[in-house]
There are 2 protein chains.
Amino acid sequence: MAAKSSKRSQRTGASVPEPRGEPPLSLDRIVATAVELLDAEGLDGLKMRRLADRLGSGVMSLYWHVDNKEDVFDLALDSVLEYRGTIGSQDWRADVLHMLEDWRASMLRHPWSASLLPRRALGPNILARLELLSKTLSGAGVADADLNVAIWSLWNYVMGATITRSSFDLSDADRASGQQRVEHHYPTIERSGLLLDDDWDGVFRKGLDFLLDGLAPR
Amino acid sequence: MAAKSSKRSQRTGASVPEPRGEPPLSLDRIVATAVELLDAEGLDGLKMRRLADRLGSGVMSLYWHVDNKEDVFDLALDSVLEYRGTIGSQDWRADVLHMLEDWRASMLRHPWSASLLPRRALGPNILARLELLSKTLSGAGVADADLNVAIWSLWNYVMGATITRSSFDLSDADRASGQQRVEHHYPTIERSGLLLDDDWDGVFRKGLDFLLDGLAPR
DNA sequence: CGGTTGACTCGTACGACGTACGATGCGATG
DNA sequence: CATCGCATCGTACGTCGTACGAGTCAACCG
């Protein structure tokens, strides 16, 4: 991450008239198309050749805009994590909830992002969210000494919830065949309906509410 | 996951005398060596050819014991997540803390595991840990209605904390170059020392304590 | 004792992938 | 018209996962 040095110049503000037919290659188009491809085919579905096909260009043309395939992953991931919401209403708690739920929703909309996140460095959009979270909590009266624990607790919770959820979606196919295994060997799990409960949103929200209750008085 | 159908038979209880020289191939040896290789070279360092080299065998011999490379990943991941601790002391809170901290430690000892977890189905050792957690919390007096939220809150927290930490380790290399960026654009993060604080264990423990305080009375 | 069978090993080969390299086209500038 | 930087792309190479089928050897059976 940080400063990859492809030969590409700084993006222009798009002052070109942009004619008919195939639009020209650009970083933005490449990243947007990569996201489409990832959404449609998953992590392993992103091949440089396929990406080029979708863009109507030659494979090697991509490499003028992008350093390598890892770069594409980084850019796609960060583009998906951008936050467009606002902050600074009267109700700091609503601000936090909105931002965190939006984050979770963004990642679930692009399930590959959860798989990618643990092995990529922190992109600017992730840092921006952390900054937003810090600022809001700080403004809400959380003491400086407690700030780090509060931020990380929330962060970890959301991150973990999202990744767990993605992981479960992945194993849905195995669920049927694995069900017997669960029923016979894990009685407590079975009794609690832990793996069957489909109300992920509700559980997520309850835990988050609970966490916030503890972190700062309503 | 679940029932992969390699041609391998059920593992024998090792009744063979096991002679000198290169030991024969076995699922256990393959998995153990895969973990070594992953520890040494990371996710991308695991190649079937390299694995075979380390084992002193031909590449294709692996495929009698294993379905494919994904199978190796699944087995390596699950083998690393096995919990050998006990449960059922007087102090349920200590039991939970021990199990969760052991989990985090296991994953940090094998950083590739955090990257792998989100895209793999739930293995038996993960389910076993969930079962243990459920049983302990249930025995500690957490009401059935609150059980799911409690389990998931803890689970998500640990999962998120571990993955965040791994992610930060990864970006350590970029830290120096990215530091200016952080300092200039993210003032609140900078002021709180959020990205510089090296006491991850302490923060992890504090948040966990806090979470447990809320989930069940001391 | 020769023949058969099943467990296990492995050499060769193939298709797919990421990408290095150098040629090519093109608009702007002198 | 000549030059130069931007942008594109065809070809080729090395590496990967693994399909296929031949090989070895011990155990078993007639």
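Only a predicted model underlies this, so the values are computations on that prediction, with no experimental measurement involved. To find a chain, count down the sequence lines: A is the first, B the second, and so on, and within it residues start at 1.
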Quick one: which protein N/O atoms are closer than 3.5 Å to N/O atoms of nucleotides 14-18 of chain C? Pair and distance per line, please.
unit_1	atom_1	unit_2	atom_2	d
dC17(C)	OP1	K47(A)	NZ	3.0
dG18(C)	OP1	K69(A)	NZ	2.6
dG18(C)	OP2	M48(A)	N	3.0
dG18(C)	N7	R49(A)	NH2	2.5
dG18(C)	O6	R49(A)	NH2	2.8

Separation of [X] atom [atom1] from [N] atom [atom2], in whole Å?
X: M60(A); N: dC9(D); atom1: CE; atom2: C1'; result: 9 Å
X: W64(A); N: dA20(C); atom1: CH2; atom2: C1'; result: 18 Å
X: E41(B); N: dT15(D); atom1: CD; atom2: P; result: 15 Å
X: L55(B); N: dT9(C); atom1: CG; atom2: C1'; result: 13 Å
X: D67(B); N: dT18(D); atom1: CG; atom2: C1'; result: 12 Å
X: L62(A); N: dT8(D); atom1: CG; atom2: P; result: 9 Å
X: L51(B); N: dG17(D); atom1: CG; atom2: C1'; result: 13 Å

For [X], all residues meeting salt bridge (Lys or Arg N to Asp or Glu O under 4.0 Å), sequence neighbours excluded:
X: R50(B); value: E41(B)
X: R205(A); value: E101(A), D209(A)
X: R84(B); value: E82(B)

Phosphate oxygens OP1/OP2 of dT9(C): is one of them under 4.0 Å from a side-chain N or O of H65(B)?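 For H65(B), the contact criterion (side-chain N or O under 4.0 Å from OP1 or OP2 of dT9(C)) is met.
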Please confirm whether the shortest side-chain N or O distance from S61(B) to OP1 or OP2 of dC10(C) is below 4.0 Å.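 Answer is yes, contact under 4.0 Å.
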When rounded to the nearest 0.5 angstrom, what is the spacing between CG in L132(A) and CG in L137(A)?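 Rounded to the nearest 0.5 Å, the CG-CG separation comes out at 10.0 Å.
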Set of side chain to side chain contact (heavy atoms under 4.5 Å, CB included) partners for D44(B), sequence neighbours left out: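 For D44(B), the residues satisfying side chain to side chain contact (heavy atoms under 4.5 Å, CB included) (neighbours in sequence not counted) are E70(A).
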Residues which pass side chain to side chain donor-acceptor pair (under 3.5 Å) with W112(A), listed by chain and number, not counting sequence neighbours: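 Counting only residues at least two positions away or on another chain, W112(A) forms a side chain to side chain donor-acceptor pair (under 3.5 Å) with D39(A).
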